[in-house]
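Below, chain A is the first sequence line, B the second, and so on; all start at residue 1. Predicted, not measured: the structure shown is a model, and the values here were computed from it.
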Amino acid sequence: MKRFFAITPIALMSVVSLTACSDTSSGPETADVEEEQDRVYIVDKTGKKWDVTHAQENYGMAASKFQFGLGPNAIQPILNAPMLFPGDRGYPADDEEILVLGANVNGISRAYPINVLFGYEVADEQFGDAHVAVAY
Amino acid sequence: MAAVYSREIDGNVLTLSASGWTYDYTFVLYDYETESLWYHLPGENGLTCISGTYADRKLHEFESMRTRWSAWKAQNSWSGYLDVSSLPGRLP
């Protein structure tokens with residue numbers, strides 16, 4: 001069981017994961033598709049239209065197969081996440097078995113607990129002068 | 001899928017976030033600046049812009065590792081660790 005819990009992102013992601021693991025006959029909710037002139041749009045739950053014409057024509061990504069459409073603000077990314085370092089309160093013990101995504105960029109090492117990253121999907125970070133997205 | 005991608009393109013820094021969409025149960029990202037859609041295509045490295053201003057462009061993928069903290073710490077003794085307690089939307 002997760003040690004930490006974020007209500008909104010985890011609840012939304014639970015919907016995604018539980019639906020993904022569910023019986024295929026129920027399946028996730030697929031996109032509402034609209035076609036206007038020669039453009040193809042998928043419409044999310046907020047009513048926002050996303051033009052996926054290029055994705056469909058060039059990458060074979062059928063508009064009808066986009067799933068959920070929770071809206072762009074449903075899952076907020078982590079921005080400029082503070083880090084703990086050895087000696088800081090809350091820094092995990094060396095033998096902790098937490099599952100993490102470890103990244104080493106520009107000689108800088110950081111770890112992100114997977115169960116937390118899952119709830120935010122993306123952490124927009126800067127490793128030295130490199131701007132990166134740590135994504136789950 | 002867990003991965004680390006560059007957010008830099010043409011001298012600009014993008015803010016990437018979840019679009020709220022998935023495709024084949026993989027999250028579709030978008031950038032705040034142009035609302036282009038970014039997706040990790042099967043069998044490829046990096047993120048590909050599938051729709052929008054940066055269509056067909058790619059964001060480089062850096063090496064990363066999904067592992068246990070104990071193993072990561074053993075190889076990266078001064079590694080930073082996400083300060084979870086400071087994140088918004090979390091229970092105390």
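- To the nearest 0.5 Å, atom OG1 of residue B/T15 and atom NE2 of residue A/H131 are 9.0 Å apart.
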Per-pair distances, 0.1 Å, donor-acceptor, side chain in residues 61-68 of chain B, under 3.5 Å, sequence neighbours excluded:
from	atom 1	to	atom 2	distance (Å)
B/E61	OE1	B/G46	N	2.9
B/R68	NH1	A/E97	O	2.8

Inset, instruction - Could you go through the side-chain contact (heavy atoms from CB on, under 4.5 Å) check for A/I75 and B/F27 one step at a time? - result: CA-CA 11 Å; A/I75 307 164; B/F27 285 101; 4.3 Å; yes
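- Interface remark: of the candidates B/L14, B/N76, B/D56, B/D56 forms the most heavy-atom pairs closer than 4.5 Å to chain A.
- The parts of A/D94 that come within reach of chain B are both its backbone and its side chain, each placing non-hydrogen atoms under 4.5 angstrom from that chain.
- The environment of CG in A/N80 is sparse: at most 12 heavy-atom neighbours from other residues, nucleotides or ligands sit within 6.0 Å.
- Proximity to chain B is limited to the side chain of A/Y91, based on heavy atoms less than 4.5 angstrom apart.
- Judged by distance alone, the side chain of A/Q67 and the main-chain N or O of B/Y25 form a donor-acceptor pair under 3.5 Å.
- Both the backbone and the side chain of A/A62 come within contact range of chain B, with heavy atoms under 4.5 Å apart.
- The residue among B/A71, B/A18, B/S51 with the most heavy atom pairs within less than 4.5 Å of chain A is B/A18.
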Legend entry - Criterion side-chain contact (heavy atoms from CB on, under 4.5 Å) on B/W21 and A/W50, from CA distance to verdict: CA-CA 10 Å; B/W21 294 105; A/W50 302 80; 3.1 Å; yes
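- For a residue to count as touching a neighbouring chain, one of its non-hydrogen atoms must lie under 4.5 Å from one of that chain's; by this rule B/S77 touches chain A with the backbone only.
- Here the closest non-hydrogen pair linking B/L82 and A/M83 is N-SD, 3.6 Å.
- In this structure the side chain of A/F85 never reaches within 4.5 angstrom of the side chain of B/W78, judged on heavy atoms.
- Neither the backbone nor the side chain of B/Q75 comes within contact range of chain A; no heavy atoms are under 4.5 Å apart.
- If you measure heavy-atom distances from A/L101 to chain B, the contacts under 4.5 Å come from both the backbone and the side chain.
- Taking the six-membered ring for Trp, B/W69 and A/Y112 have ring centres at least 6.0 Å apart.
- Heavy-atom distances place the side chain of A/V105, and not its backbone, under 4.5 Å from chain B.
- Hydrophobic clustering, with ILVMFWY side chains joined whenever heavy atoms are under 4.5 angstrom apart, groups A/V134 together with B/L87.
- Under the 4.0 Å criterion applied to side-chain N and carboxylate O atoms, A/K65 and B/D24 are not assigned as salt-bridge partners.
- In this structure, the side chain of B/D83 does not engage the main chain of A/P82 through any donor-acceptor pair within 3.5 Å.
- Using a 4.5 Å cut-off between heavy atoms, B/L59 makes no contact with chain A at all.
- Rounding to the nearest 0.5 angstrom, the gap separating the CD atom in A/Q56 from the CD1 atom in B/I50 is 11.0 Å.
- For B/L29, the part lying under 4.5 angstrom from a heavy atom of chain A is the side chain only.
- Rounded to the nearest 0.5 angstrom, B/E35 CD and A/K48 NZ are separated by 3.5 Å.
- Annotation: ring pair (Phe, Tyr, Trp, His ring centres under 6.0 Å) contacts of B/Y5 (sequence neighbours excluded): B/H40.
- Interface residue A/V132: backbone and side-chain heavy atoms are both found under 4.5 Å from chain B.
- Atom OG of B/S19 is separated from atom CD1 of A/I42 by 7.0 Å, given to the nearest 0.5 angstrom.
- Rounding to the nearest 0.5 Å places CZ of A/F66 at 6.5 Å from OH of B/Y23.
- Residue contact with chain A, scored on non-hydrogen atoms closer than 4.5 Å, involves the side chain of B/L37 exclusively.
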